[in-house]
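Everything numeric in this text was worked out from a predicted model, so none of it was measured. Naming convention: chains lettered A, B, ... in sequence-line order (proteins, then strands); numbering from 1 in each chain.
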Number of protein chains: 2
Amino acid sequence: MKKHGSERNRGIEPTKNRIMDAAQMLFAKKGFDATRVQEIADIAEVNKAMIYYYFKDKDALLYAVVERIIKGIKDAIPRYLEEEDNTIDGLETFLDFYIEYLAQNSSFVRLMAWEILSGKHIQSLAMDYFMPMFFLMREKIAKGVDSGQIRPVSPEHTIFSIVGMNVFYTIALPLIQILLGGDPLSAEMLSKRKEEVKAFVMKGLLPFEDRRRI
Amino acid sequence: MKKHGSERNRGIEPTKNRIMDAAQMLFAKKGFDATRVQEIADIAEVNKAMIYYYFKDKDALLYAVVERIIKGIKDAIPRYLEEEDNTIDGLETFLDFYIEYLAQNSSFVRLMAWEILSGKHIQSLAMDYFMPMFFLMREKIAKGVDSGQIRPVSPEHTIFSIVGMNVFYTIALPLIQILLGGDPLSAEMLSKRKEEVKAFVMKGLLPFEDRRRI
DNA sequence: ATATACTAACTAAACGGTTGGTTAATTATG
DNA sequence: CATAATTAACCAACCGTTTAGTTAGTATAT
């Protein structure tokens, strides 16, 4: 059953993965600068030196975590954007999926938020991660505008608005919890959120004409 | 002309203010944890010990900066929410003002974002700052819903969406700059943003019925 | 007026704990 | 045995914070 190398591991997971998991969790929670290498080691149940055995330095560990996230996400989101169905139906499906996805993966949404704020690696992040998704979404919306299914909006600004309203909900979770007085990620809350966002976005993007003709 | 004590200041601004200005700028740019006390001192052109002469510690300096921001903002935003005019017109006016305001004060929008992400002082921040604004906005929207000027949305989620889409634009500036290929805070870009957001929000919130009756 | 006492503002230097990173030796594995 | 994995101990640099002392202006006493 053992895969490679030695296996006197603490648990099931290989050491390197445990380190990356712990790092991702802490980077997401407290940010890179506030995270101590020793903390990562403690949570991963690993000697601190092991981190430097597998990674050049703390920065390299961050890169590895981010890269792993990007690799994992590159399949997920685009699937719902590349489908060639009706733009409007596709948009609603996408929103359902997107909100669920952000909620389920709030850990790396937060990590991305830290990264965007710090701006330290924004160039490579934009190239590797944001741009591909951005272009896909832009084309999708532009197609909807051309076909008249969506009113003549700016695709770029529409993307910023949709992404912004959803990402904010994930990032500001602790604040929203206080304001709402309940877990914003609970099943009911989240389905309420989906309904509200879908209605808001759809009505915000549909052309007048289509509505009048009903 | 001298007010009190000695006045061998470096420039016009009192030392304490220079420290707070430098701190605010750096906290906003790099975050609290990545900001070195020495950097603050350098930019404020002050001996590092002066920071501890005026503030108990680095944390106290952060609190002081945040408090100053909140004090300054508490007059600004609510003015546009407390006016008792028509909800719909008020909403458009508010969006114009709000987007301009965030753009003009991106420094402490970013600082607030760092704070929200870290979540360390979220409780007091929510009480002192977010809750009052949140309640004002909620009542405003609820009133619009009751009067039928706004379709039956959840005021809470509507607020999160509107705040989110606008805050995101400010926070993600470096990223948006890359994606858009131009300064997102330039006059043209910003006025374009305002138009797009206003149209999106208004159409997203107006009831069907009103539109059909036209 | 002049000397004296006092105070706020300011500085250079260092302290002491923390942190990212290293090393050399040890243990397990194939 | 050779290689990979793991560990305890260590280190230098850094960073927030303190300290001990200086400067200059102001009030007070003589």
Set out, line by line, the N/O atom pairs under 3.5 Å between protein and nucleotides 11-13 of chain D.
none

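Lys58(B) and Asp33(B) are not joined by a salt bridge, as no carboxylate oxygen comes within less than 4.0 angstrom of a charged side-chain nitrogen. A salt bridge links Asp21(A) with Arg68(A): the distance from a Lys NZ or Arg NE/NH1/NH2 to an Asp or Glu carboxylate oxygen falls below 4.0 Å.
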Stepwise ring pair (Phe, Tyr, Trp, His ring centres under 6.0 Å) check, Phe134(A) with Phe130(A):
CA-CA 6 Å; Phe134(A) 180 71; Phe130(A) 291 106; 9.7 Å; no
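Residue Arg36(A) has a polar side-chain atom (N or O) positioned under 4.0 Å from OP1 or OP2 of dG20(C). Regarding contacts with the backbone of dA9(C), a side-chain N or O of Tyr53(B) is found under 4.0 angstrom from either OP1 or OP2. Regarding contacts with the backbone of dT6(D), a side-chain N or O of Thr15(A) is found under 4.0 angstrom from either OP1 or OP2.
Here the P atom of nucleotide dT18(C) and the CG atom of Asp33(A) are 19 Å apart, to the nearest Å. Look at CD1 on Ile40(B): it is 18 Å from P on dC14(D), rounded to the nearest Å. Atom NZ in Lys58(B) sits about 16 Å away from atom P in dC14(D), given to the nearest Å. The CZ atom of Phe55(A) sits 15 Å away from the P atom of dT22(C) (whole-angstrom rounding). Per the geometry, CD belonging to Gln38(B) stands 15 Å off P belonging to dA14(C), to the nearest Å. In this entry the distance linking CE of Met50(B) with P of dA13(C) reads 18 Å, nearest Å. If you measure from atom CD of Glu39(A) to atom P of dG21(C), you get 15 Å, rounded to the nearest angstrom. For the pair Asp57(B) CG and dT18(D) P, the interatomic distance rounds to 8 Å; values are reported in whole Å.
Within 4.0 Å of Tyr54(A), counting heavy atoms only, lie sugar-phosphate atoms of the nucleic acid but no base atom.
The minimum heavy-atom distance linking Thr35(A) with Leu26(A) is given by the pair OG1-O, 3.3 Å. The nearest pair of heavy atoms linking Lys29(B) to Arg110(B) is O-NH2, 3.1 Å.
Applying the 6.0 Å contact sphere to CD of Glu100(B) captures more than 12 heavy atoms from other residues, nucleotides or ligands.
Residue Asn47(B) places its side chain closer to dA12(C) than to any other of dG20(C), dG16(D), dA12(C). With dG16(D), dA4(D), dA8(D) as the candidates, the nucleotide lying closest to the side chain of Tyr52(B) is dG16(D). Checking dT18(D), dG16(D), dC10(C) against every side-chain atom of Ala49(B), the shortest atom distance belongs to dT18(D).
Just one of Arg193(A), Lys192(A), Lys198(A) meets the salt bridge (charged side-chain N to carboxylate O under 4.0 Å, His left out) condition when paired with Glu195(A); it is Lys198(A).
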